[in-house]
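Everything below concerns the one structure shown next.
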Amino acid sequence: MDVKAPATIPYFLQEQIRELIVDGTIRPGQPLREQELEQRFGTSRSPIREALRLLEVSGLVTHVQRKGFRVTLYTETQIRHLYLLRAELEAYSLRQAAGAEDLSPLVAELRRHHGAIAEAQAGGQVRACIAAACEFYLAAARSTGNTPLAGMLSKLYEQVEPLRYLLARREMASSAIASCTRAIIDAMAGRDVERMTGLARGYLADVLSPVIEAYREVARA
């Protein structure tokens, strides 16, 4: 069902279009025609254009001169770069967080997010699982007081969400995310920094090829 929104809410439109990109309704590389979006959301061109510019800032949308906006189409190299950067930011967040004098508040919070991950995975709730996994690592980043780090990680998560959704939708039941976060919590409680960072990097190294394969299939469709 098409969503009707007031013409004065570009942020609402941004979120609605983002959902269509993340769940694959609008595929990688597909043009985002303003006239079609106007009809879908029952609004005028100005807020649609502003919403698309906001999505461009997040990296989900690309503007091509004289051709307009389209969903960002990543190359395999770009996906590798995004996931390598994600691995390093997550590992760095864990390493810095482990230096706190009292780790009990963070460990308790990580356990809550791990519980949400496990519950969402068991219920096949793709978006809830992804959101809880994001919060797991963001909790570590925020605990350090390093606002730029948390901001960079949050923005990166927004950019790679369509990639994560593709993989989770295809391999949700067999995902190792819950076992990985549980092991990271145990390592955090024991201040085993090398094990923590190795687990974070290792998980992303394992999922990188399946992510690329899933994305390639959708981009070809």
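Hydrogens, waters and symmetry mates play no part in the numbers below; they use all other heavy atoms, side chains included.
The nearest pair of heavy atoms linking Thr72 to Tyr215 is O-OH, 3.4 Å. Shown here for Val71 and Leu32, the closest heavy-atom pair between the two residues is N-CD1, 3.9 Å. When every heavy atom of Gln121 is checked against every heavy atom of Met172, the shortest pair comes out as NE2-O, 3.1 Å. Residue Met196 comes nearest to Ala98 through the heavy atom pair CE-CB, 3.7 Å, listed as atom of the first residue, atom of the second, then distance. Residues Asp23 and Thr25 come closest through the heavy atom pair OD1-OG1, 2.6 Å. Leu110 and Ala139 get closest at one heavy-atom pair: CD2-CB, 4.2 Å.
With sequence neighbours left out, His81 forms a ring-ring contact (aromatic ring centres under 6.0 Å, His included) with no residue at all. For Glu15, the salt bridge (charged side-chain N to carboxylate O under 4.0 Å, His left out) partners at least two apart in sequence or on another chain are Arg18.
If you take CG on Leu52 and CZ on Arg33, they are separated by 13.0 Å, rounding to the nearest 0.5 Å. Within the model, atoms OG1 of Thr144 and CG of Leu106 stand 10.0 Å from one another, a figure rounded to the nearest 0.5 Å. Once rounded to the nearest 0.5 Å, the distance linking CD1 of Ile48 with CD of Gln14 reads 11.5 Å.
Applying the salt bridge (charged side-chain N to carboxylate O under 4.0 Å, His left out) definition to pairs two or more places apart or across chains, none involves residues 104-122.
Under a 3.5 Å cut-off, the side chain of Ser154 and the backbone N or O of Ala150 do not form any donor-acceptor pair. Remark: the backbone N or O of Gln30 is not paired with any side-chain donor or acceptor of Arg70 at under 3.5 angstrom.
Between Glu88 and Arg95 no salt bridge is recorded (no basic side-chain N to carboxylate O distance below 4.0 Å). Ionic pairing of Arg49 and Glu56 is not present here: no N-O contact between side-chain nitrogen and carboxylate oxygen is shorter than 4.0 angstrom. At a threshold of 4.0 Å, the pair Glu76-Arg80 counts as salt-bridged, since one of the basic side-chain nitrogens sits closer than that to a carboxylate oxygen.
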Yes or no on side chain to side chain contact (heavy atoms under 4.5 Å, CB included) for Arg195 and Leu199, after CA distance, side-chain angles and deciding distance? CA-CA 6 Å; Arg195 175 158 172 74; Leu199 285 164; 3.8 Å; yes
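Phe136 is connected to Leu167 through a chain of hydrophobic side-chain contacts under 4.5 Å among Ile, Leu, Val, Met, Phe, Trp and Tyr, so both are in one cluster.
Tyr157 and Glu90 share a side-chain donor-acceptor pair at under 3.5 Å.
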